[in-house]
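Structure record follows, encoded as C-alpha cells.
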Amino acid sequence: MKAIPYGRQNITDEDIQAVVETLRSDFLTQGPKIDEFEHKFADYVGAPYAVAVNNATSGLHLAAKALGVAPGQRVLVTPMTFAASANCIRYCGGDVDFVDIDPDTYLMDERKLVAKLEAAPTGTYAGMVIVDFAGYPHNLERFREIADRFGLWIIEDACHAPGAWWTDSAGQRQLTGNCRFADCTVFSFHPVKHIATGEGGMVTTRCPKLMERLRLYRTHGITRDPALLTHNDGGWYYEMQELGFNYRLTDIQAALGISQLSRAEAGLARRQEIARRYDEAFRNVEWIRTPFRADDIYHAFHLYVIQVPDRKGLYVHLRANGVMAQVHYAPLHLMPYYRRDGWTEGSLPVVEDYYAHCLSLPMYPTLTDAEQDYVISCVKNAREFRI
Ligand SMILES: Cc1ncc(COP(=O)(O)O)c(C=O)c1O
C-alpha cells in the first residue's frame with residue numbers, strides 16, 4: 001500500500017478546468033476571479049466582507065496591522081498553534097504573551113485568560129489571537145464578553161475551521177468566520193486545509209474600516225479611490241498612503257478556490273464520517289484518548305488528534321508501516337525564538353502535557369474506508385507489539 005499522509009488536497013477535473021479557463025482569460029491576477037471568490041467565501045461563512053490574500057500568514061499580518069498592533073503592545077495568544085498565529089504580532093513590533101490551553105478542547109483556556117487579565121494592570125493587553133485548533137470552534141460569545149470587559153480586540157485564526165459552527169446563548173448557530181464576535185477571522189488555503197489553492201488565504205470582517213485597511217495594506221498601501229486621494233492628477237493617478245505589502249492572491253488560485261469551495265460541504269461531511277469511524281474504533285481502547293465531542297458545535301476536523309502514553313513509539317511504528325501520522329504542534333512558547341522571552345518547560349503545563357501525548361491520524365476527504373481501516377489496525381497493533 002502507498003504511504004498514507006495525514007492530510008491531502010482533493011483536485012478534480014472541474015478544478016483543473018476552472019484553472020485552465022482562467023489561464024486562457026485576460027487576467028491572471030487582479031481580475032474578476034478575486035472578487036467572485038471573496039463574495040462566495042463571505043457568503044459561505046456569513047460575513048459581509050472577505051479579503052483574499054496570498055496565504056494565511058499574510059492575512060494574520062494584515063489583520064494585526066489593521067487592528068493597529070504596534071511596538072509596546074502586548075497580545076495574548078494560544079501556544080497550541082502554528083507559528084504564524086503569534087508571529088503576526090511580532091511582525092508589527094508587538095509582544096506575545098501565551099495563555100495555557102483547556103485540557104479538553106485544546107483551545108485557549110478561558111479561566112486562565114481571565115485570571116491573567118485580572119492580574120494585570122488595566123490596559124496591559126491590546127488583543128488576543130485565538131485559534132480554532134484542529135477545527136474545534138470557539139464559543140466566541142464568551143470570548144467577546146471577556147474581550148469587551150478588558151477592552152481587547154479578537155483575531156480568530158480559523159485556518160483549521162472553515163465550515164465549523166457553534167451555538168450561542170440564544171440557541172443560534174454561529175458560523176466560524178461570520179465575525180459577529182471576532183474582529184477579524186483568518187483562513188488558510190494551504191493544500192492540507194479544507195479548501196486548497198496551493199498557497200492562499202482569506203480574512204473576513206464585519207467592520208468596513210477594517211476591510212478598507214486590509215485591502216489597502218494588501219496592495220502596497222496604494223489606493224485609486226477618488227474619494228480617498230489627497231489630490232487627483234488624472235485617470236492614471238494613484239497614491240501610496242501607507243506602507244503596505246504585495247499580499248495578493250492570483251486569479252488562477254482564486255479560480256481553484258471557487259471550484260474547491262463548491263465542494264466544501266461535501267468534504268466536511270466526509271471528515272465527520274471519518275471522525276465517527278475513528279471514534280467508534282477506539283471507543284473501548286483504554287490507552288487511546290479521542291477528541292473531545294460536544295453536541296452544540298460542528299467540528300471541522302482539519303485534524304483528528306489522539307493522545308497516547310507512548311506517542312513517539314506510536315509515531316515510529318505508524319511511519320514504519322506507511323502511515324504518515326504527524327504531531328500538531330510543538331508548543332509555540334518552547335520554540336527557541338519565544339524562549340528568548342523567558343518561557344521554559346513548565347511555564348504552561350497543560351499544553352506541554354498535551355504535546356507529550358498527541359498524534360494526528362490521517363484525516364482528509366479522499367481517505368478511503370480501506371485505508372482508514374488499515375490505519376486503525378496499525379494503531380491498535382502498536383500496543384500488541386509493546387511499542
Ligand atoms: C493555525 C494556523 N495558522 C496559520 C497558518 C498559516 O497558514 P499559511 O500556510 O496559509 O500561511 C497555518 C498553516 O499551517 C495554521 O495551521
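Start at 1 and go down the list; that is how both ligands and their atoms are numbered.
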Identify all N/O pairs between ligand 1 and the protein with a separation under 3.5 Å and present them as a table of atom names and distances.
residue  : atom   : partner : partner atom : Å
ligand 1 : 3 (N)  : Asp157  : OD1          : 3.4
ligand 1 : 3 (N)  : Asp157  : OD2          : 2.6
ligand 1 : 10 (O) : Ala56   : N            : 2.9
ligand 1 : 10 (O) : Ser188  : OG           : 2.8
ligand 1 : 11 (O) : Ala56   : N            : 3.3
ligand 1 : 11 (O) : Thr57   : N            : 2.9
ligand 1 : 11 (O) : Thr57   : OG1          : 2.5
ligand 1 : 14 (O) : Lys193  : NZ           : 2.9
ligand 1 : 16 (O) : His160  : NE2          : 2.9
ligand 1 : 16 (O) : Tyr329  : OH           : 3.0

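- At a cut-off of 3.5 Å, with distance as the only test, no side-chain donor of Tyr217 or His61 sits close to an acceptor on the other residue.
- Applying salt bridge (charged side-chain N to carboxylate O under 4.0 Å, His left out) to Glu273 and the options Arg277, Arg270, Arg276 leaves one that passes, Arg270.
- The aromatic rings of Phe98 and Trp343 sit perpendicular, their planes meeting at an angle over 60°, well past the 30° parallel limit.
- With rounding to the nearest 0.5 Å, the separation of CD in Glu242 from OG1 in Thr219 is 13.5 Å.
- The cationic atom of Arg383 (NZ for Lys, CZ for Arg) lies less than 6.0 Å from the six-membered ring centre of Trp287 and within 45° of the ring axis.
- The distance from the CZ atom of Arg224 to the OH atom of Tyr238 is 7.0 Å, given to the nearest 0.5 Å.
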